[in-house]
Number of protein chains: 2
Amino acid sequence: MNMNTQKIRLLREKLRILERESMGALDQEGACCGLTLSQCHTVMEIGLKGDMSLVDLANSLGLDASTLSRTIQGLVLIGLVVRKANEKDRRYVTLSLSEQGRKVYEEIDGVYNAFLAGVFERLPAAKHERILEDIGLFVDAVRAVNEATGCCRPGRKS
Amino acid sequence: MNMNTQKIRLLREKLRILERESMGALDQEGACCGLTLSQCHTVMEIGLKGDMSLVDLANSLGLDASTLSRTIQGLVLIGLVVRKANEKDRRYVTLSLSEQGRKVYEEIDGVYNAFLAGVFERLPAAKHERILEDIGLFVDAVRAVNEATGCCRPGRKS
DNA sequence: CAAAATAATTGTAATATACAATTATTACAT
DNA sequence: ATGTAATAATTGTATATTACAATTATTTTG
């Protein structure tokens, strides 16, 4: 193990930038065409993972069910999400994107993809594969550590 | 440019995991010994960047000055931050960590470093350098794209 | 079939946030 | 030099996001 503290500190600075100054910016900004960030995350999660019950979606997003229930209420009101009772087990609701909801999902999806395509245009083509691979390795390891240490959620958010 | 949409989608999934399931977890959890996440971010930012005025810190954190003013008030109350008037220009206050604030900063700093050291223990030593380099390249490119497209902030947060 | 478990919602409270208005101070233009 | 504009900080106000607790409806289980 020769990962010294200096290198880890540099990495932390990079991750901090990624989180706060950069990817965050995309969230705040254009990507979320008229939706709040919570609504946006919710729509994207349903679009990505497919139809789900409220508890499952809440787990997937790391939110309390009550919090998500209200977010969903808003999305149903503006016509992006459809909430229908599950006939097999009437305790559950099944959440899905409306036609309009899917359009929004695809639009935001497109913005993100275009953003990342732009990022890779700034990187030498010869390194694309390697960068993708290394980010993948890193994220998998981060996740593994988190799972090993038994993290977490929920608990009040900022 | 041969970054196809499929690969970008995979990368987005990795970044999503990094943001929501993993690094976020560290924020929520142990790292922030009794502080709220806002307070924690504030302390870490002062610790990292050094003493600053309120506006500068607000910019650095991407927050409105009024929001930060209240966060600082809380941190002053619990004795982690010192707020003193700048004698050169009395409009400014100079924010710094108290002795106890610095201890908290160092403790959290240590938790983060230990976490990342743990992550790298799960990665083959031969790849450490490469992974560090590639994450650095990627983050720099993300930042460059963001700066080129004139992002952003503030605007309501989630 | 009664009791326990589970899903969803609603009641309530706390926190984080931004925008607007205000106050204090400094810089600047005439 | 003095009045006006700009800037930093704070306070007033409103909204959003969140979690926990209580409640209701439904299903599972002993």
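Here is the naming used below: chain letters follow the sequence lines, and residue numbers restart at 1 for every chain.
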Between [options], which nucleotide has the shortest distance from any of its atoms to the side chain of [X]?
X: B:Arg91; options: D:dT18, C:dA8, D:dA8; answer: D:dA8
X: B:Asp89; options: C:dT17, C:dT26, D:dT18; answer: C:dT26
X: A:Ala65; options: D:dA19, C:dT9, D:dA9; answer: C:dT9
X: B:Tyr92; options: D:dA8, D:dA19, D:dT13; answer: D:dA8
X: A:Val55; options: D:dA19, C:dA8, C:dT17; answer: C:dA8

With a 4.0 Å cutoff (strictly under), does any side-chain N or O of [X] reach OP1 or OP2 of [N]?
X: B:Gln73; N: D:dT11; result: yes
X: A:Ser38; N: D:dT17; result: yes
X: B:Thr36; N: C:dA16; result: yes
X: B:Ser69; N: D:dT10; result: yes
X: B:Thr67; N: C:dA18; result: yes
X: A:Arg83; N: C:dA8; result: no

Can you measure [X] atom [atom1] to [N] atom [atom2] for me and round it to whole angstrom units?
X: A:Leu75; N: D:dA16; atom1: CG; atom2: P; value: 13 Å
X: A:Lys88; N: C:dT6; atom1: NZ; atom2: C1'; value: 18 Å
X: A:Met52; N: C:dA8; atom1: CE; atom2: C1'; value: 16 Å
X: B:Leu37; N: D:dT17; atom1: CG; atom2: P; value: 16 Å
X: B:Arg90; N: C:dT23; atom1: CZ; atom2: C1'; value: 14 Å
X: A:Ile72; N: D:dT18; atom1: CD1; atom2: C1'; value: 15 Å
X: B:Arg70; N: D:dA9; atom1: CZ; atom2: C1'; value: 11 Å

Minimum heavy-atom separation for B:Ile131 and A:Phe138, please, with both atom names.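 Heavy atoms of B:Ile131 and A:Phe138 come nearest at CG2-CB, 4.1 Å.
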What pair of heavy atoms forms the shortest contact from B:Glu45 to B:Ser60, and how long is it? OE2-OG, 2.6 Å
Flag the pair A:Arg16 / A:Glu13 as yes when at least one side-chain heavy-atom distance between them is below 4.5 Å, and no otherwise.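 Yes - at least one pair of side-chain heavy atoms lies under 4.5 Å apart.
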Would you call A:Asp51 and A:Leu97 a side-chain contact if the rule is heavy atoms closer than 4.5 Å?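 The answer is no; the side chains never approach within 4.5 Å.
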Say whether, by atom type as modelled, one donor and one acceptor occur between the side chain of A:His41 and the main chain of A:Leu61 under 3.5 angstrom. no
Hey, does A:Thr71 reach any base, or is it just sugar-phosphate, or nothing, if we go heavy atoms under 4.0 Å?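 Nothing, no heavy atom under 4.0 Å.
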Taking for each residue the nucleotide of DNA chain D bearing the nearest heavy atom, is the 5' side occupied by A:Ser66 or by B:Val93? B:Val93
First encountered from the 5' end of DNA chain D, between A:Leu68 and A:Asn86: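 Closer to the 5' end of DNA chain D: A:Leu68.
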